[in-house]
Amino acid sequence: MSASPQATDSVFQQKLCVARLMDGHPEAFAASACGRSWVELVETAAPLVGANRRTVDQALGMIGALFRSTQMAMGDVPTPGQMFAADRTGAAETVRADPAVFELVGPDSEEDPESIALAKSLTLYKQAADVGLVSSGELAGYLDAALLEQPGKTTLAQHVKDVARQMMAIEVERLLVHREPELSR
């Protein structure tokens with residue numbers, strides 16, 4: 001599945017978020033091997049190899065750990081798959097899976113039951129927002145609040161949270177822009 005221009009733009013925006021974090025914290029992230037700023041490397045689409053790749057992986061690892069910690073803190077919140085499995089009416093089978101989720105999760109996700117359930121959940125959320133049952137900002141607000149509640153008092157930890165929140169907002173916006181689901185699962 002090829003990335004749409006919109007997906008490419010959101011990926012670029014997310015890369016810039018990470019690059020700004022890295023440039024803003026030289027005490028935590030080594031300078032690029034070529035001496036240019038991390039933002040310059042993103043803007044020029046320079047390939048990341050060797051030490052540059054390891055430094056970016058370090059930043060992504062910090063952000064990924066924050067996302068995992070946030071997910072674990074949510075604890076007893078059922079997954080979309082668990083919610084759809086609880087449907088005894090069969091109505092969940094008629095919900096179309098939102099293709100934006102498959103773009104986010106990856107090409108193999110179209111066969112994964114949990115990814116399909118997530119895609120269907122996003123479809124229902126968009127439909128509820130379209131008719132005014134929920135605010136389209138509720139999902140982003142919920143995720144933002146969950147990230148904010150994670151521990152971390154250092155300046156770096158706060159900036160990692162800020163970047164994670166920015167990246168989440170970009171991704172939620174991208175997901176919500178896809179208004180009409182195209183796939184049926």
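Everything quoted here is computed from the prediction, not taken from an experiment. The figures here come from the full heavy-atom set of this structure, side chains too, leaving out hydrogens, waters and symmetry mates.
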(message) Taking the side chain as everything from C-beta on, heavy atoms only, tell me whether His25 gets closer than 4.5 Å to Thr155.
(response) yes
(message) What I'd like to find out is whether the side chain of Tyr125 reaches to under 4.5 Å of the side chain of Glu138, using heavy atoms alone.
(response) yes
(request) Using a cut-off of 6.0 Å, state whether more than 12 heavy atoms not belonging to Lys15 lie near its atom NZ. (result) no
(request) Answer whether the closest heavy-atom distance between the side chains of Glu93 and Lys120 falls below 4.5 Å. (result) yes
(message) Suppose we screen for salt bridge (charged side-chain N to carboxylate O under 4.0 Å, His left out). Which residues come up paired with Arg165, at least two apart in sequence or across chains?
(response) Asp144, Asp162
(message) Is any side-chain heavy atom of Leu16 closer than 4.5 Å to one of Trp38?
(response) no
(message) Through direct or indirect side-chain contacts below 4.5 angstrom among Ile, Leu, Val, Met, Phe, Trp and Tyr, which residues connect to Leu133?
(response) Val131
(message) Within the structure provided, determine whether Leu21 and Leu156 are in side-chain contact (heavy-atom separation under 4.5 Å).
(response) yes
(message) Looking at Gln58, I want to see if its CD is surrounded by more than 12 non-hydrogen atoms of other residues, nucleotides or ligands under 6.0 Å.
(response) yes
N/O donor-acceptor pairs under 3.5 Å from side chains in residues 63-70, not counting sequence neighbours:
| residue | atom | partner | partner atom | Å |
| --- | --- | --- | --- | --- |
| Arg68 | NH1 | Gly64 | O | 3.4 |
| Ser69 | OG | Gln150 | OE1 | 2.6 |
| Thr70 | OG1 | Leu66 | O | 2.8 |

(message) Do Val95 and Ser121 make a side-chain contact, defined as non-hydrogen atoms from C-beta onward lying under 4.5 Å apart?
(response) no
(request) Identify, with sequence neighbours excluded, every residue that meets salt bridge (charged side-chain N to carboxylate O under 4.0 Å, His left out) alongside Arg54. (result) none
(request) State, with a plain yes or no, whether a side-chain heavy atom of Gln14 is found less than 4.5 Å away from one of Val18. (result) no
(message) Counting C-beta onward and ignoring hydrogens, is there a side-chain heavy-atom pair between Ile116 and Glu111 closer than 4.5 Å?
(response) no
(message) According to salt bridge (charged side-chain N to carboxylate O under 4.0 Å, His left out), who are the partners of Asp23, at least two apart in sequence or on a separate chain?
(response) none
(request) Just jot down the side chain to side chain donor-acceptor pair (under 3.5 Å) partners of Thr44, sequence neighbours excluded, or say none. (result) Arg36
